[in-house]
Colleague: 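Handing you this structure, nothing more for now.
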Amino acid sequence: MQCSDPIEIKSALAQIGTTGSEEKVEEEEEPEVDGEGGAEEAPAEKHDEPLAEVIEKPPEPVAPVAVPVAISSNPPKKLTNQFNFCERGSLTLNNPSREVSTQTNPPSRITFSASITQWAIYDAYMEDHEQQEMKEKEKKEKEKEKATLAPQKKEQEAKKQEGVQEKSKFTSPEKAAKILERMSNQNTYDEIIQDFKYWEDPSDEFKEEEGTLLPLWKFSCDKAQNYSVTSICWNENCPDIFVAGYGSFDFKRRKAGLMCVYTMKNPSYPEHLVAVKSEVLAVDIHMTCTSLIVLGLSDGNIAVFDLTKSCETPLHTSNSVNNKHSAAVWQVRWSKELSQTEMTIYSISADGQVLSWTLMQNEMIKMKLISLTFSTGMIHSDDSCPLTGCGTALTFHPTENNIFLVGTEEGRIYKCSTAYTSIFLSESEAHYMPVQQVDFNRFNPAVYASCSGDWRVKIWEDNRKEPLFEFDLGSPVEDVAWAPYSSTVLAAATADGRVHVFDLNVNKYRPLCQQVVTQKKKCKLTKVSFNPKHSMLIVGDSFGGVSSVKMSPNLRKKQKPPKKGMIVDHETLEKLKLDKLLSLVREPNKPLMVLETESNAN
């Protein structure tokens with residue numbers, strides 16, 4: 001084998017060196033077989049022959065070049081840890097242990113020695129006692145300072161709140177919207193406003209014993225269309241505001257109730273609208289705190305709302321199983337005893353109980369006044385079985401706050417007192433059907449009127465079993481009320497949609513006015529009430545509407561003082577007029593004092 005080019009010679013040497021080294025490695029790894037070396041020497045001779053031929057020609061020796069190539073081809077081995085013969089990455093450090101003495105400072109120590117006697121113990125006790133007394137005196141002084149400063153702070157906070165409320169009233173958009181609404185209503189109802197102030201029926205001059213009612217405004221609300229007006233109450237401090245309660249007399253279909261506060265300045269929409277979970281059957285306004293309104297509900301509960309705070313949640317409620325009536329509440333009345341600390345409410349229900357409710361800070365305390373019971377009067381037995389009556393009407397004496405009258409479904413009227421919880425002062429079988437309303441005369445509290453579903457209105461006097469006057473109106477009478485300006489004028493509302501106005505001083509046998517107020521057919525009148533200041537009436541119906549009417553001059557005559565004699569005020573004249581009328585019934589043969597009458601438009 002001959003190679004003329006030196007580059008080819010170098011490549012050949014590289015190939016020979018690599019192959020030779022590989023074969024040497026293989027020979028070292030192969031084991032010896034049977035001690036014979038023929039197989040091992042044969043490949044060595046084959047490689048030596050071409051190697052000798054190649055070495056003769058190059059000028060430089062080639063043998064030492066193959067040795068380093070075989071050594072550099074092997075990969076380096078990984079060194080191990082010289083301490084514990086494991087990888088460094090698997091080692092972790094353990095925290096050194098520590099003692100408590102290395103974390104805290106040692107406490108200071110002092111040696112003390114003294115002799116203890118009884119006098120030393122006594123002196124130490126007295127010093128401690130004096131220090132405690134001084135601390136108590138300081139606490140009491142601080143409490144006194146707080147007690148003296150608390151009302152001043154409350155007054156200041158109240159003044160601040162009033163100032164903020166006044167500012168908010170003037171700046172709130174609701175107040176501005178109400179003012180604009182009232183201004184627009186004054187333009188819309190301008191004719192009615194003029195009639196309300198200045199209208200006088202000229203035909204009354206030719207009618208001595210007849211009068212008319214002029215329709216004015218009609219107060220209604222879209223949410224109250226499917227309800228009946230169950231109660232009406234005027235605000236005596238603000239005669240242009242009244243409250244109407246909405247519910248239903250059909251207890252088969254239970255639904256939520258409403259309470260609306262209306263004003264004559266804005267008949268288009270109520271000032272306040274309060275939604276209640278149950279139907280409202282009775283409403284009353286507090287005498288002094290006119291923002292407090294109590295509601296009697298059909299589920300037996302009583303709710304008190306404060307319109308200055310919230311119209312959504314009641315201030316007090318009797319929502320409990322034991323702390324309520326077991327039937328519908330037909331009448332609620334605020335107590336006329338003005339107390340600065342406590343307020344009392346009286347209620348009557350169909351369960352035959354008259355309860356009083358005392359308003360505390362966070363609860364209503366119930367107390368039972370009287371249970372309405374009556375005997376059956378069985379003929380064949382000596383013992384009578386008492387039965388429980390169902391209360392329907394409640395009214396308090398105008399001057400004596402502890403006396404009240406109660407009407408029942410059985411047609412009875414009881415005279416009761418808050419001082420006696422088990423005895424009736426008097427009892428009378430007044431009507432044949434349920435008593436709807438009982439009302440005292442404002443000028444002579446010994447006289448009161450009652451109405452019933454037996455079509456009759458009766459006028460009673462204390463300590464008399466028979467009525468003084470009795471009127472048959474030809475339809476169930478739903479409500480009756482005495483006029484606040486006259487002792488002989490009263491009004492009644494009947495189920496046929498008529499309002500009957502009586503003046504007993506003019507005619508003792510029939511009403512001076514019988515007028516249909518509602519325009520819808522089959523619309524029943526449910527409530528009637530006189531305005532405490534103006535010569536007008538409001539009437540509620542079974543379709544959720546409240547109508548206001550003005551009385552003609554013949555229906556609002558006032559007593560004229562005598563020409564000769566001392567000067568007598570209006571209240572005394574009205575009392576004399578009623579006494580004259582009662583004397584006609586009691587003693588018809590006795591001569592009477594004749595008083596002239598005049599028509600007063602005011």
Side-chain angles (χ1 to χ4, degrees), residues 230-231 233 245 247 251 257 259 276-287 289 292-305 314-339 341-374 386-397 400-410 412-427 434-438 440:
T230 56
S231 182
C233 184
F251 297 116
M259 187 267 290
V276 193
K277 295 182 180 179
S278 184
E279 298 171 351
V280 179
L281 299 180
V283 172
D284 194 23
I285 303 175
H286 197 270
M287 298 290 292
C289 301
L292 294 177
I293 300 175
V294 59
L295 306 179
L297 308 180
S298 61
D299 59 355
N301 287 314
I302 291 174
V304 179
F305 285 86
L315 184 65
H316 297 280
T317 183
S318 63
N319 192 5
S320 176
V321 177
N322 297 323
N323 195 30
K324 71 169 189 175
H325 285 282
S326 60
V329 180
W330 288 108
Q331 199 77 49
V332 288
R333 296 292 183 189
W334 286 100
S335 175
K336 295 183 180 180
E337 297 178 357
L338 301 178
S339 177
T341 58
E342 296 179 355
M343 293 183 181
T344 307
I345 302 170
Y346 297 96
S347 63
I348 189 170
S349 172
D351 59 1
Q353 293 185 356
V354 180
L355 303 179
S356 67
W357 307 83
T358 303
L359 302 185
M360 304 301 289
Q361 187 174 3
N362 297 321
E363 61 179 348
M364 296 176 64
I365 299 176
K366 181 184 74 172
M367 187 178 70
K368 182 179 177 182
L369 285 182
I370 198 168
S371 295
L372 304 177
T373 58
F374 61 95
L387 299 178
T388 302
C390 299
T392 55
L394 175 67
T395 183
F396 273 83
H397 199 276
E400 298 180 8
N401 298 327
N402 60 336
I403 295 176
F404 59 93
L405 294 177
V406 173
T408 63
E409 281 190 6
E410 295 77 24
R412 297 170 179 265
I413 296 177
Y414 298 95
K415 183 179 180 182
C416 310
S417 175
T418 58
Y420 305 99
T421 59
S422 60
I423 301 174
F424 301 119
L425 300 181
S426 64
E427 179 183 353
V435 178
Q436 300 294 343
Q437 188 60 267
V438 181
F440 275 104

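Below, all heavy atoms of this structure are taken into account, side chains as well, without hydrogens, waters or symmetry copies.
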Colleague: For Thr344, which residues count as a side chain to side chain contact (heavy atoms under 4.5 Å, CB included) partner, sequence neighbours excluded?
Modeller: Ser335, Tyr346, Ser356, Thr358
Colleague: Kindly give the heavy-atom pair with the smallest separation between Ser417 and Leu425, and that separation in Å.
Modeller: CB-CD1, 3.9 Å
Colleague: Does the pair Ile370 and Phe424 meet the rule for a side-chain contact (heavy atoms from CB on, under 4.5 Å), with working shown?
Modeller: CA-CA 9 Å; Ile370 198 168; Phe424 301 119; 3.3 Å; yes
Colleague: Can Leu372 and Gln353 be said to form a side-chain contact (heavy atoms from CB on, under 4.5 Å), step by step?
Modeller: CA-CA 6 Å; Leu372 304 177; Gln353 293 185 356; over 6 Å; no
Colleague: Check each of Val332, Thr392, Val354 against Ile348 using the side chain to side chain contact (heavy atoms under 4.5 Å, CB included) test, and report the only one that passes.
Modeller: Val354
Colleague: Calculate, to the nearest 0.5 Å, the distance between atoms CG and OG belonging to Leu394 and Ser349 respectively.
Modeller: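 Going from CG on Leu394 over to OG on Ser349, the span is 11.5 Å.
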Colleague: Hey, are the side chains of Trp334 and Ile345 touching, using non-hydrogen atoms and a 4.5 Å cut-off?
Modeller: yes
Colleague: Among residues at least two apart in sequence or on other chains, which ones pass salt bridge (charged side-chain N to carboxylate O under 4.0 Å, His left out) with Lys366?
Modeller: none
Colleague: Any chance you could lay out the side-chain contact (heavy atoms from CB on, under 4.5 Å) test for Ile302 and Met364, step after step, and finish with the verdict?
Modeller: CA-CA 10 Å; Ile302 291 174; Met364 296 176 64; 4.1 Å; yes
Colleague: Test of understanding: with side chain to side chain contact (heavy atoms under 4.5 Å, CB included), list the residues that count as partners of Leu315, not counting sequence neighbours.
Modeller: Leu292, Asp306, Lys309
Colleague: Looking only at heavy atoms, which two atoms of Trp357 and Ser318 are closest? And how far apart?
Modeller: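 Here Trp357 and Ser318 meet closest at CZ3-CB, 3.8 Å.
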Colleague: With sequence neighbours excluded, what pairs up with Ser231 under the side chain to side chain contact (heavy atoms under 4.5 Å, CB included) test?
Modeller: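 Result, side chain to side chain contact (heavy atoms under 4.5 Å, CB included) vs Ser231: Val283.
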Colleague: What distance separates Leu295 CG from Ser347 OG, expressed to the nearest 0.5 Å?
Modeller: 12.5 Å
Colleague: Hey, what do you get for CZ (Arg412) to CD (Glu427), rounding to the nearest 0.5 Å?
Modeller: 5.0 Å
Colleague: To the nearest 0.5 Å, how far apart are CG in Leu355 and NZ in Lys368?
Modeller: 8.5 Å
Colleague: Please report the interatomic distance CD(Glu279) to CG(Leu297), rounded to the nearest 0.5 Å.
Modeller: 9.5 Å
Colleague: Of all heavy-atom pairs between Ala282 and Trp330, which one has the smallest distance, and what is that distance?
Modeller: CB-O, 3.7 Å
Colleague: Could you list the residues that satisfy ring pair (Phe, Tyr, Trp, His ring centres under 6.0 Å) with His397, not counting sequence neighbours?
Modeller: Phe440
Colleague: Could you give the distance from SG (Cys390) to CG (Asp351), rounded to the nearest 0.5 Å?
Modeller: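 Spacing of SG (Cys390) from CG (Asp351) equals 8.0 Å.
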Colleague: Determine, step by step, whether Ile293 and Asp284 satisfy the side-chain contact (heavy atoms from CB on, under 4.5 Å) criterion, reporting the C-alpha distance in whole Å, the side-chain angles of both residues, the deciding distance to 0.1 Å, and the verdict.
Modeller: CA-CA 6 Å; Ile293 300 175; Asp284 194 23; over 6 Å; no
Colleague: For Phe404, enumerate each residue passing the ring pair (Phe, Tyr, Trp, His ring centres under 6.0 Å) test, keeping only those at least two apart in sequence or located in another chain.
Modeller: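 With sequence neighbours excluded, Phe404 shows a ring pair (Phe, Tyr, Trp, His ring centres under 6.0 Å) to Phe396, given in chain and number order.
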